[in-house]
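Take a look at the structure set out below.
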Number of protein chains: 2
Amino acid sequence: MVEKIFRSQCPISSGLDLFGDKWSLLIVRDLLYHSERTFKDFSQSSENISSARLADRLSKLEKSGFLTKSKHPTNKKVFLYHLTQKGRDLAPILAEFVCWSNKYLNDHISEESKLFAEQLKDNREQVLSKYQNP
Amino acid sequence: MVEKIFRSQCPISSGLDLFGDKWSLLIVRDLLYHSERTFKDFSQSSENISSARLADRLSKLEKSGFLTKSKHPTNKKVFLYHLTQKGRDLAPILAEFVCWSNKYLNDHISEESKLFAEQLKDNREQVLSKYQNP
DNA sequence: TATATTGCTTTCGTTTTGAAAGTTATTTTT
DNA sequence: AAAAATAACTTTCAAAACGAAAGCAATATA
């Protein structure tokens, strides 16, 4: 009845068990950058996630405590997603993805992300601190 | 004929396209920790990867330049896997996994990894520098 | 020489995925 | 007020990825 979540006691393996797929960290990325997103917003990100997959990932990330879902103040059919602290604390992982890709995929990534990688290189702590608080 | 590798120009999405699955980073982890591994060594890691999946991941990681495969000096049936610089440079990503899991999965991860997380917290640069060179 | 081991590959049933279409409640337009 | 559009999903279905197990060839060990 109780399904096993973790393959081992390794922190890397356990992290992968929670958010190690092709989509979860992209949802987190969008929320770090925009702080508030709707289902439609996520759908329109450039990686073209299918709505089935998006719905599934949002509910898993909510269940695992990475994000919260709340009602829009005026529009009844829209829901708003926000990161929790647990989700915001994934920012340093994403930052290292950015740095790695800036070094090894430099001719492929966008100019905007190269600039961001430079900022991280020069001033990691300060850049990241902006994402640590709500 | 040419298959698309990357979903977008985002450095995070592109990193996930290359090594964003449940196994690749665990192979890298083993090689960061042990510097040299055989097929059997990887098979015996505590997450129990199947041999089909392991063979597939090793060949993909080799093809993408994260690791190299070479002959054992004396034993003809054994092959040795090593990280390239490109692979070693994933260490900071793994380090952030360790820090995140130490904070949010502390009651689940091993004591050994908690110690490692503490070392990273106190002395990130020096701890990581050990993994940056061959 | 017989047995065991290594590094895979193959097979196969199950799970996960992506693409597309469908649904419901609400909001906007006419 | 009725019709059309929209948001947030859900459903369907075929394809891809996966895990477990067995099989295999070359080499090493007993």
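Numbers restart at 1 for each chain; the letters A, B, ... are given by sequence-line order, proteins then strands.
- Here the shortest heavy-atom pairing between B/L32 and B/Y131 reads O-CE2, 3.4 Å.
- With values rounded to the nearest 0.5 angstrom, B/N123 atom CG is found 8.5 Å from B/Q119 atom CD.
- A/Y104 contributes atom OH, which lies 8.0 Å from atom NZ of B/K86 (distance to the nearest 0.5 angstrom).
- At the heavy-atom level, B/R7 lies nowhere under 4.0 Å from the strands shown.
- Distance A/E3 CD to C/dT15 P: 12 Å, rounded to the nearest Å.
- Between A/F19 and B/W100, the angle of the ring planes goes over 60°, which puts this pair in the perpendicular group of the 30/60° scheme.
- Atom OG of residue B/S101 and atom CD of residue A/Q9 lie 12.5 Å apart, to the nearest 0.5 angstrom.
- Salt bridge status for A/E47 with A/R53: absent, with no side-chain N to carboxylate O gap under 4.0 Å.
- Counting to the nearest Å, the P atom of C/dT15 and the NZ atom of A/K60 are 13 Å from each other.
- The shortest non-hydrogen separation linking B/N106 to B/K114 is O-CE, 2.9 Å.
- When DNA chain D is scanned in the 5' to 3' direction for atoms under 4.0 Å from non-hydrogen atoms of chain B, the outermost contacting nucleotides are D/dC18 to D/dA28.
- Summary of the strand contacts: B/A52 and A/R53 both lie near DNA chain C, and taking for each the nucleotide with the nearest heavy atom, the more 5' one is attributed to B/A52.
- Atom CG of A/L94 is separated from atom CZ of A/R88 by 13.5 Å, given to the nearest 0.5 angstrom.
- Only B/T38, B/F39, B/K40, listed by number, bring a heavy atom of residues 33-48 of chain B to less than 4.0 angstrom from any atom of DNA chain C.
- In this structure, B/Y81 does not reach the C/dG7 phosphate: none of its side-chain N or O atoms is under 4.0 Å from OP1 or OP2.
- Judged by the 6.0 Å and 45° rule, B/R7 forms a cation-pi pair with A/W23.
- Neither side chain, A/D17 nor A/S14, offers a donor N or O lying under 3.5 Å from an acceptor on the other.
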Annotated protein contacts, base or backbone, on nucleotides 22-30 of chain C with a non-hydrogen cut-off under 4.0 Å, one of B, S, - each: ----BS---
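- Within the 4.0 Å cut-off from OP1 or OP2 of C/dT16, not a single side-chain nitrogen or oxygen of A/R57 is found.
- The side-chain hydrogen bond (donor to acceptor under 3.5 Å, both in side chains) pairs that include a residue from residues 62-73 of chain A are A/H72-A/T74, where partners are two or more places apart or lie in different chains.
- Within residues 10-29 of chain B, no residue approaches DNA chain C, by heavy-atom distance under 4.0 Å.
- Ionic pairing of B/E96 and B/R124 is present here: one or more N-O contacts between side-chain nitrogen and carboxylate oxygen are shorter than 4.0 angstrom.
- Separating the CD1 atom of A/I49 from the P atom of C/dA20 is a distance of 15 Å, rounded to the nearest angstrom.
- Rounded to the nearest 0.5 angstrom, B/F97 CZ and A/L18 CG are separated by 10.0 Å.
- A salt bridge does not link B/K22 to A/D21: none of the charged nitrogens lies less than 4.0 Å from a carboxylate oxygen.
- In this structure, CG in B/L67 is found 7.5 Å from CD1 in B/I27, a value given to the nearest 0.5 Å.
- The two residues A/D89 and A/P92 make their nearest non-hydrogen contact at O-CD, 3.2 Å.
- Remark on the helix from C/dT1-D/dA30 to C/dT30-D/dA1: inter-end axis angle 10°, axes from five-pair C1' superpositions, rounded to 10°.
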